[in-house]
Every structure is written in C-alpha cells, then in structure tokens.
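Report on the structure given below.
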Amino acid sequence: MGTPVNIIVGSHVWLEDPGEAWVDGVVTEIKGRDATIATTNGKTVVASLGSIYPKDTEAPPSGVDDMTKLAYLHEPGVLHNLSCRYGLNEIYTYTGNILIAVNPFQRLPHLYDVHMMDQYKGATFGELSPHLFAIADACYRALINDHGSQSILVSGESGAGKTETTKMLMRYLAFMGGRSGTEGRTVEQQVLESNPVLEAFGNAKTVKNNNSSRFGKFVEIQFDKYGKISGAAVRTYLLERSRVCQVSDPERNYHCFYMLCNAPPEDVKRFKVEDPRSFHYLNQTNCYEVANVDDAREYIETRNAMDIVGIDQDEQDAIFRVVAAILHLGNVDFSKGKEIDSSKLRDDKSVHHLKTVAELLMCDEKALEDSLCQRVIVTPDGNITKPLDPDSAALSRDALAKTVYSRLFDWIVDKINNSIGQDPDATNIIGVLDIYGFESFKINSFEQLCINLTNEKLQQHFNQHVFKMEQEEYTREEIDWSYVEFVDNQDVLDLIEKKPGGIIALLDEACMFPKSTYETFAQKMYQTYKAHKRFSKPKLARTAFTINHYAGDVTYQADQFLDKNKDYVVAEHQALLNSSRCPFVANLFPPLPEETSKQSKFSSIGTRFKQQLQSLMETLSTTEPHYIRCVKPNAVLKPGIFENFNVLNQLRCGGVLEAIRISCAGYPTKRTFDEFIDRFGMLAPELVDSSDEKAACAAICDRMGLKGYQIGKTKVFLRAGQMAELDARRAEVLANAARLIQRRIKTHLMRKEFLNLRKASVRSQKFWRARLARKLFEYMRRDAASIRIQKHARSHSARKAYRQEYESAIVIQTGLRAMAARNEHRFRRETKASIIIQEARETGALKEAKDKLEKRVEELTWRLDVEKRLRTDLEEAKGQEIGKLQSALQEMQEKIEESHAAVVKEKEAAKLAIEQAPPKIVEVPVVDTEKVEELTSRNKELEDELSTFRQKAEDLENKLLEMQKRSDELSHETQERESKVNQIQEMIERLETSLSNMESENQVLRQQSLVVASADEDKSKQIERLESKIAILESEIQLLRSNSALAVQAVVTPEMNQTSIMENLIHKEIDNGHQLEEVKIVNGAESSGELAYWLSTTSTLLYLLQNTLKASSSSSKGSNRSRTATGSLFSRMVQVPPMIIKKTFSQVYAYLNVQLFNSLLLRRECCSFSNGEFLKAGLQELEQWCSRTTEEYAGASWDELQHIRQAVGFLVLHQKSHKTLEEITNELCPVLSITQIYRIATMFWDDKYGAQGLSQEVIGKMRTMTTDDSITTPNSSFLLDDDSSIPIFLDDIARLMLDIDPSDVEPPPLLRQNSQFHFLLQQHTD
C-alpha cells in the first residue's frame, strides 16, 4: 500500500487520527515533505506526505459492493467503504471472490428466506448484491461442474457471527442438494440440531464473546454423483483442553459445568453437584453467570438436543456423571506425606470429593487415590512404585481431568456423526470450517499461541489462494507478472512449529525435564531466537516474549506454558477407568497395546495440536477454498455502531489487509478501457474519440510519463501510486478549467456592475428632468384652472336660463306625446288583426309551394327511372351488338383459316403430283392454265374479304369505344342527378325548418286568437281550419320525407345494399350463439355433469365461431363494399365471459408488477434514472391500452401496477434531495413500505445527470424506521409475493349462468358425431 507522492493543494486525502483511526480532509498547503490538512472534523493537522493516502472523491456515497473496484486500495479506503455500507444495512461486501460479513447484531430474516435463495440459485457470481448465498452457490456450482471437493473457510474473532454464518451456509447447501434424512429430517437439520450439544461442551465465555467456540469445527457435507447430499460428518479440531483446569478472569469454563450446577434439584442431588463457587475448576474466576443466559433452561434444552441426536437417557446420565466427576476431581487437594517427596489427601474435604469421584466414575476409591499419588516405573528388574510430591500429584489430577473431558468430547462428536449418517461412497464433499480467529489480549498465554499458530497456517493458505487469483487474472489479461513478489509468513511458522528449533519443540523439551521451570524455558528462547526478526524480548521482561504475526505483534507470558503443555497419558489412569463398572466410562478408555500399558508416556498438547492442525491443512489442500471473513463492528454487541479501530484490527487479523498488500505488490488498480478513458480522457482530449481504446489508454499513460504499467486485453493495470499521479494531473486540468470559468464569470459580474451604474445614472437624470417638467406642468395647470373657473361661472348663468325654458317645453310635449301614444295603440291593434288574416292566406301559399315541390320530386324520380331503364336497355343492346360482331368476326376468321387450308392442300397436291410424275425431262406446255387463274382469283377474293372483315372489326371497336364513352357520360349524368336529389333533400329539410318555425308562430297566433275569439267567432273558425290544414301539411311533409329517402336509395348503386352471404352467416352464427348461451345460462349448472356439459358446449360453439370468423374474413378480402368488421379481439370473443378476460389481464398486470418491482429491489443496475425513464415509457403504453379498452375487459388492471408505478415515479423524480420523508411516504409512494423505499433510495444512482439521491437526513430516518420494523416484525420481507393463480371462483362462474336443464337442449351435430360426447345423447334421451 505504497503512498503516492503526487498530492497537490486541494487533494482530498486520508490521514491517521487517534480518535477515529482515519479521518479525511483537504490539503491546504504543502511545504517540503509536510502537508497542512483541514480535516472534516474541524481540525488543521500537519502530516508528512508519506503518512497520508489519497481519497477517491468520485466513489458512490453508498460504497461499492466489490472493493477491488476501489480507485485506491488501502486501509482507509477499505474501512470507509465498509462503514458506508454498514450504515445502509448492507452487511456483505466482496473483495474479489472473498466475502466480508459485518455482524449486524440484529435479525434480518428477509436476507435469508427461501425467496432470497431462489434469487441466488444459479446466478452468476457478482451479478447480484454480495451475499453468503452467492459464495455457497459458487461453491456448489464448482462441485457440480468441476467434480472436485470444495471448502468454505469462515473465520473471525469471537462474536463476529461465524456460527450463524455456518448455519446459513448449510441451509443453502441443503436447499440446493438436500434430500430427506432419517426420520423425516434433512441432513442440514440434523447437523444444526447437533449444534446445541457441541456448544454446551465446546463453547465458553471469553473476554470478547459470551459464546465463543473453543474448538475448530469442520462440517463435511457429502454429495453423490448426482449432486445430492448423501451424508455429513462433523470433524472437530484443536479443543482447548487446558481450559478444563485453568480459567482466567473474567472468562468462564465450558458451559456444561454451569448447566449441571443449575440443573433441576433431582439432577443436582443425583449427580452430587453444588453451587459453581464451591468447585476449584470454576472459582478461579469471578464470572459465574452470563447476561441474558439462563443456565437452568440451557440444561433442559441441551438434554432435549441430546434426545434428538440419538443419545439415550442412560448415556446422557453417564455423560453428566463424568462432568460432575471432573468438577469433584478438581477439589481433591494434596499435602506432603510421611515419606520424602510423597503426598496424601489434604483433609476430609478432599477425601469426600475423592470418594464422590469414585462413585460417579464407578471405580475403586483406593485405586483412584494411588493413581493420583503414585507412579509405577517399569524396569527390566521389575516395577518400581514411586510416590509423587503434592505438586506432581496435582498435575496428575489435572492431566486426568483434561484426558477424561477430551475423551468425553470426542465420544459426543462420534455419536453425532453416527446419528447423522456418513456416506462412504461419496464422490465429493463441501466442507465448512468454523474456527476461532486471531487473538491478542492484554495477557496472552499458551492457548493464544496455539490459536494464533492456527491462524498463521490458515493465513498462509489464504495468501497462496489470493496470490493464485492474482496470477490467474494476470495470465487471463496476458501481462508480464514474473517480477511480482509473494508475501509469505513461512518464517513465523518455522519459528513456532519447526522441529527441531521451534518454540513448541523447545517447550516439549522443557516439559520432559523435571527441573525445568518457565524461567529456564524463557531464557532458552531468548538465547535461541535473539537474532530472529520475528521474535523479540520486551524491555524489563523476565518470561515474556513477543512474536511479530501477520496481524501485528503479540506479547505472550510464558509463566504457565509448561503446565498447560503437559498431557501425560498415565497407564494407571488408563487401567483404572478401563476397569470401571460403568460401561460408558470403560468405553472412553479402551485397552491400550501391551507395550504402552506398562508405563506412563509423556504427551504434549502442543505436539497434538500441531498434528491436528496438519491434518486440517491436508484436508483443506485437497479442496478448492472459498473464504468468508466475519467482522464484529463493535465491542458492545449492539446494532448501528461501527468502531473504526475495532474493525481495522479485525481486518488485519482476518488477513484482509494482508491480501491487499499482496494485491499492491503487483497491480492494485485495475480499470477497464472504457472506465479509464471516461476518467482520464481529459488528459488527452484528442484521443477520446479514437476507435482503438487500448491504444488510447497506452497513449494517455505514456503522455503522463508512467512507468511499469501494463495494458491487458480488457484492462489497464497500474502500479501503486500511479492512480494518484493520474488523479493529480486530472485535478490540474480541472483546476485550469475552473480558473477559466472563474475568469469568465468575474468578467460577466464586472460588466453587469458597470451596466447597473450606467443605468442608475441615466435613471437619476431622468428623475431630475421629470421634476423640472412637473414644475412647468404645475404652472400650466394653474393657468388652465383659472380659465376653466371663468368658463363654468359663465355657463352656470346660461344654464339656469335654459333650464326654465326647457321645463316649459317638456310640459307641452308630454300632452302631445300622450295623445300620439293612444293613437299608436289603436293603430297597432288593428294592424295585428290584419296580420293574422294575412298569415292565414300565406299558409295557403306555402301549401301551393309544397305541392309544386312534390310534383318536382315526382318528375325527377320518374326521369331517374327512365334514365335507368334507358341505360339498362342500352347496355343490353350494346352487349348484343358486341356479341354479334364477335361471332361475325369469329366466322370470318374461320373462313380465312379454311381458305388458307385449301390453298395449302392444293399446293401440297401440286407438289405431290410433281413428285409422282415420271422423271422424264420433256418440255410440255401447261395445259391447266384456267385452274391456276381460278385459284389466283379466288385467292384475291379471299384477301379482299379479309380486308373487309378487318375494316368491320375496326368499325366495331370504334363503336365499342363510343358506347363506353356514352356509358361514362350516362354515369356522369347519374351522379349529377344524385347531387340534384341531394339538393332537393336539403330543400325539403329547409322547408321542414321553416315549417317548424311556422308552427311556433302558429302557437303564438293560437294564444292571441284565444284573446280575440271572444270578439270574433269567425276568426276562430278560420284558425281551426288553418290548424287542420297545418296538420295535413305536416303529414304530407313526413310522407315527402320518406319518399325522398326512397328516391335517394333508388339512385344509389344497388351493390351498396348487398352483403356477403358469409357475413350474414357470421352474424347469424353469433346471434345463434348468443341465444344458445342465454338458454344454457338460464337453466344453470348445479351438478358437475351439467357443468361439464356447459363447458363442452361453450368450447364447441367457440370452435365453430372461430372457423366461421376465419371463413368470413378470407371470403371478404376481395370485396371493399362488405360490412365493416371490427378489429378488436374482444368483439370476436363474444362467447368468452368478460369476467374471465378481465381477471386474466388483471393477473398478468399483477405478475408484471411483482417481477419489475422485485428486480428494482434486488439489482442495483435497475435502480438508475435512465432505467426509470425506460420503464415509465412502457407504463405509458400500458396505460394507453387500458384507456382504449373498455372497462368491461380491462377492469382494474392499471391499478395492479401501483407498486412499480410509484417506484418508477420515484426514480425519475428530480431534486430528490429536497423531498421530505412525509412527502415521499404520503404523496409520492403511499403504497410502498418504508423498507422498500429505503432499499430503492440506497440503491438509486443517477446515470444520466449525476444528481444526488435523497438527503442523508431522510436516509437516516428511514434507516431508524427500518431497524424498528425489523425488530417488531422480524419475519417480514420487502419483496412482493408472486401469486400467478387467476382468482376465478365457482361463484363468479355461477353468476354468469342462468338456470338451464341440459335435457332440454339438443346437442350440436358436431358433438353427436363425436363418440366422446354420446353421454349427452343418453342424458337427452332420458
């Protein structure tokens, strides 16, 4: 992770911070090798250029799902990316094909349900969001395709979620290749059911975790040749045996001891246990309870789990008797005996506990005491019994306790494997390794050395895998990588485990010498490894030593190394427990070979640890590894807290940063050609549009002076620091462009200020000129006002005199006008009466006009009929004449052919006569001259007749042309007459309009006549006659209207009234179908037989209707005059109930809604602005279709798309950062849940305008609400359920039908002919 040197003023960088590990800031000044940085937390820091790292300002705010895509692959970049994703509840992140899982400390059930498994099943690795299902699927696919064993290595410190991750992996593998196991339980279920038992006997509380696995578990899932699970086995490694006898504060011993002490009273009495504080193996620490854990309940659950895995009650009792015996064995203390270097039981309490141990193990009490206080040495001369001092006796006691517990744990594992069932014929396996991670505490002892040795081994395996992946990518891209160095930790492994010369070898050697102490062991290490670069001695330390591991320096205290490493296999212990009266205990210690049973043999825990570790590595070396690194984000084990120092330390311990160092040793930055040109194309603008992207990338790198880069087939590979150098050059280009923009803007602002000043000066001048004008106007106004006052004074006096004269004139005019008005009123009454009389007369005139029009219409109709008959006769005459001419022409042609044939025959006869004449050459005069002349004249006559016939044929053709011309003229005249008829019809309509107006006036006249009726009875009679005439006129007009319509119809071509026979058949068939459907719907179908009849009849009618429609459509293609047929699909499907069509399309739209909406939630590339616009265009087309289709068929189909409509509306929304949470949930997306909106908002990216999404405040609120929802409703999922069934019920079908008796319906002929439907004929007969 080399630090780039191309950091300039304005660069965004990362620098170390004592409070937050890494903090970002901006470089404000650079002096020599020091840079002044303004951090985001408000501080100004001066740091050296070698200690800061560049920051990628173009990285998405939500982070990247694969950290190999980071522009800068270094510690702060990795840490910031994980923090951003953890803040959005994205707990999984890739580093190549390595998965980093950050423990959320809360349930996220939607990430692990069956629907999510279906999404990742068969998906290409990296296509979907990072997930442990993707790792499991890739592992399973490799097993099936490559036919090789696979392994998944799950590592991390205590509390990082390794066990839960292992459970989920086994669930997915069982989902992919599972089959039912014994008693209806799958293999995955049986393995998971064994976890409580293994956790009870192999887990303990540590400093960092309340349920830490103190052993390595390798779950071996076996597959047959078909890819199905055929068996499984649980392999355990490296059990921490020393914990049985020695526990440091504030940790606890194994859970089973505390469970037994808190068992029900009857079990406590039976197994003779007490409070945990009374046992030496438990009271070495002050921690006896774990928060939120009930040991009594855990005891009951463990017993139930034992029942499930096949451990019967007798075996369970024997197991807990052994556990109780170990507790009592720890309370057996020793004191000096009477003899030298001998020991005895210290007091009565020790005697009581020894007796209890003998009772629980069902062995001899005296033999047990002798095996603890004495040792038998086998010599050639015989056996020698050697007493042990109190310290040696205590060591013998602890060795017995550790051996018994180890044998008990191994028996439980074997029992579980027998219950699960193994397949000896399995072709391949998938192994899931769950093992403790790297440990570094305040005080580190022998256990931490063994654990860290394991992690060093696994890290070496991991480094080789990462380096192999790097090599594969370099080879795939065809670049030179021969000089890339591999970072190896073999020297640390040699320091610890090399034999001879390793720390474990020195420890075993020290344990075999009775006089050795931890001080002599420490001094031996100081002398042996004083020159080793990985080993160091802390200052003022006497027994401590420090080893430089891959994850950092760890200081170990060697005080108890010797005691914890000793693991004697005592022959007396073996013989004693083998002779136990309890078969279970005796089986734990089977007889040893004769040569080993006579003496005690020293055994080292360190050596056994190395052997098991070597066996594990050999197993892993035969498989293809897949890695999952679990990370614990905080020490308080609460959600939503991300501690940078804690995570960074785990990244170091998990080897993630080591993998980054391996990548940085080669080419840490890899960019595809298009990405490289998009980012750095501005450094060489003339090369951006080049068709050869590879050459353009190489030209950009060469122009910038880069050395050591490589150009692959699809990517550009940059060395460490070169990305920062290119970014610095890019920043310079952007800065120059910014300065140019600033210069233009400043010029614009100065010019704008000048224009404002000039405008202000002009305005001030305008105001002063206006003031002078106002003063002049005031003077002129005063002058005009004085003149106006004088004018009004003179006019007042004149008006007063005029008013007097005016009033006198009005009085006179009033009288005269009243008299004139009375005269006018009298005149109007007389005039109105005369008008009524005149209107009556005008009605007669209208009647005459109507009669004339009727006669005109009749005349035109008659003429049309005559013209039509003439035209018909003319066409018939023309056809007859043409036929005569054609027959004459044909006769003439036959005569010509006959004449030609006669001439030919005569020529042939002459020729034959010549040929038959004797071959005598004599000049004979032609005798038949007349015959020749006759033939010649006959030939001329025939030629004349032929020319005559041709002339007649031409004349006939000319006449035919004239007849066609005459026919066209007649057609033209017919069209003119039709237009005249139309004009007449329009005149009739206008006449009707005038008649309606006249009727309204007649109504008024009737009202007026009623007033006048009292004065003149004659006028009323005239009005009645007028009304009768008007009624008659109305009826005649109505008759005229119908006659005019008939006349127009007669003029139109008769072909318009013709409809195709097939079309009539279609409509007839449709009408018959409607009637038959009504008949069958009337009677209904209550039984299944009647329902079958109804369905079969309907399908038959549909089939007949379809054939009829096809026939009608094919027969009507040639005619353009046939009745217009609708093109709608639903107009043809008259027999299909609209309810079925409506529900079918509603379900199709619902399916589209579910699929499109779930794709948005699962695929980040779908949550883009451009994809939203694309979906919006498609939804608009669907909306137009729904609007064109009637409600009868479309129904509520458009409402089924409400989820995807609101999601698309959110994607294409502009200025999302200005929207509040209330506006989004109440107005924009009321149907979507908070979890769904939060998912879309965090995955959204604007690929068109580069705009930001929602504000961080809104994102934070939605994150809080999502967390609360996941706690209250843990099993809810943000994905929509896919229900593809069409919800059509029997009641819906019944509502479409009316009552019908099938026996009253005659089956169609098509059904009668089919033998499958003879039951209908029987039912009809019955």
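Here the structure is a predicted model, which means the values were calculated and not measured. Atoms considered below: every heavy atom in the structure, side chains included; atoms not considered: hydrogens, waters and symmetry mates. The chain is numbered in sequence order, starting from 1.
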* **Between CD on residue Gln1206 and CG on residue Leu1228, distance to nearest 0.5 Å** => 7.5 Å
* To do: Carefully, step by step, assess Thr714 and Thr672 under the rule side chain to side chain contact (heavy atoms under 4.5 Å, CB included).
  => CA-CA 6 Å; Thr714 61; Thr672 59; 5.6 Å; no
* To do: Decide side chain to side chain contact (heavy atoms under 4.5 Å, CB included) for Tyr172 and Lys121; before the verdict, give the C-alpha distance in whole Å, the side-chain angles of both, and the deciding distance to 0.1 Å.
  => CA-CA 9 Å; Tyr172 187 84; Lys121 182 179 179 180; 4.1 Å; yes
* To do: Decide yes or no on side chain to side chain contact (heavy atoms under 4.5 Å, CB included) for Asn1153 and Gln1202, but give the supporting numbers first.
  => CA-CA 8 Å; Asn1153 180 65; Gln1202 54 185 351; 5.6 Å; no
* If you look at every heavy atom in Ile91 and Leu108, which pair is closest and at what distance? -> CD1-CD1, 4.2 Å
* Asked: Arg85 and side-chain hydrogen bond (donor to acceptor under 3.5 Å, both in side chains): which partner among Thr93, Asp65, Thr1242?
  -> Thr93
* To do: For the residue pair Leu1211 and Ser1168, establish whether any side-chain heavy-atom pair is separated by less than 4.5 Å.
  => no
* To do: Considering only NZ, NE, NH1 and NH2 on the basic side and carboxylate oxygens on the acidic side, decide whether Asp56 and Arg679 come within less than 4.0 Å.
  => yes
* Asked: Are any of the side-chain nitrogens in Glu90 or Arg1239 under 4.0 Å away from the carboxylate oxygens of its partner?
  -> yes
* Near Gln1256 CD, under 6.0 Å, is it more than 12 heavy atoms from other residues, nucleotides or ligands? -> no
* **Taking every non-hydrogen atom, the tightest pair across Arg1163 and Glu127** => NH1-OE2, 2.9 Å
* Asked: Which residues satisfy the ring pair (Phe, Tyr, Trp, His ring centres under 6.0 Å) test with Tyr1149, sequence neighbours excluded?
  -> none
* Asked: Rounded to the nearest 0.5 Å, what separation is found between the CD1 atom of Ile1204 and the CG atom of Leu1152?
  -> 9.5 Å
* Asked: side-chain contact (heavy atoms from CB on, under 4.5 Å) with Phe125: which residues, sequence neighbours excluded?
  -> Tyr94, Asn97, Ala134, Ile135, Ala138
* Structure fact -> Nearest heavy-atom approach of Leu1160 to Ala1207 is CD1-CB, 3.8 Å
* To do: Could you check if a side-chain atom of Ser1255 sits within less than 4.5 angstrom of a side-chain atom of Ile1259, using non-hydrogen atoms only?
  => no
* So, Tyr120 side chain and Ser129 main chain: donor-acceptor pair closer than 3.5 Å or not? -> yes
* Is NZ or CZ of Lys1216 both nearer than 6.0 Å to the six-membered ring centre of Phe1244 and within 45° of the ring axis? -> yes
* Asked: To the nearest 0.5 Å, what is the distance between SG (Cys1186) and CG (Leu1179)?
  -> 10.5 Å
* **Validation row: Leu1161, Phe1157 side chains within 4.5 angstrom (heavy atoms)** => yes
* Sequence neighbours excluded, which residues qualify as ring pair (Phe, Tyr, Trp, His ring centres under 6.0 Å) partners of Phe1210? -> none
* If you round to the nearest 0.5 Å, how far is CZ of Phe175 from CE of Met117? -> 6.5 Å
* Residues forming a salt bridge (charged side-chain N to carboxylate O under 4.0 Å, His left out) with Glu1227, sequence neighbours excluded -> none
* To do: List the steps and the verdict of side chain to side chain contact (heavy atoms under 4.5 Å, CB included) for Met1262 and Thr1235.
  => CA-CA 8 Å; Met1262 288 197 293; Thr1235 306; over 6 Å; no
* Within-4.5 Å side-chain heavy-atom neighbours: Phe673 and Lys694 -> yes
* Quick one: does Ile1224's side chain get under 4.5 Å of Ile1237's, heavy atoms only? -> yes
* Asked: Which distance, rounded to the nearest 0.5 Å, do you find between the CD1 of Ile677 and the CD of Glu675?
  -> 11.0 Å
* Taking the side chain as every heavy atom from C-beta outward, state whether Leu1162 and Leu1279 have any pair of such atoms under 4.5 Å apart. => yes
* **Near-ring test His131/Tyr112, centroid separation under 6.0 angstrom** => yes
* Taking C-beta and beyond as the side chain, do Glu1223 and Thr1220 meet within less than 4.5 Å on heavy atoms? -> yes
* For Arg1205 and Trp1198, indicate whether the former's side chain and the latter's backbone hold a donor-acceptor pair under 3.5 Å. => yes
* Asked: What's the shortest heavy-atom distance between Ala1241 and Leu1254, and which atoms?
  -> CB-CD1, 3.6 Å
* **Counterpart residues, ring pair (Phe, Tyr, Trp, His ring centres under 6.0 Å), relative to His972 (two or more places apart)** => none
* Using modelled atom types only, decide if a donor and an acceptor are shared between the side chain of Asn81 and the backbone of Gly63 within a distance under 3.5 Å. => no
* Does anything in residues 1171-1184 pair up under side-chain hydrogen bond (donor to acceptor under 3.5 Å, both in side chains), and if so which pairs, sequence neighbours excluded? -> Glu1173-Lys1248
* To do: Look up atom CG in Leu111 and atom CG in Asn89, then write down how far apart they are to the nearest 0.5 Å.
  => 8.5 Å
* To do: Mind listing the closest non-hydrogen atom pair of Gln1252 and Pro61 along with its distance?
  => OE1-CG, 4.2 Å
* **Aromatic ring pairing Phe1169/His1214, orientation class (parallel under 30°, perpendicular over 60°, tilted between)** => tilted
* **Heavy-atom closest pair, residues Met176 and Asp137** => CE-OD1, 3.7 Å
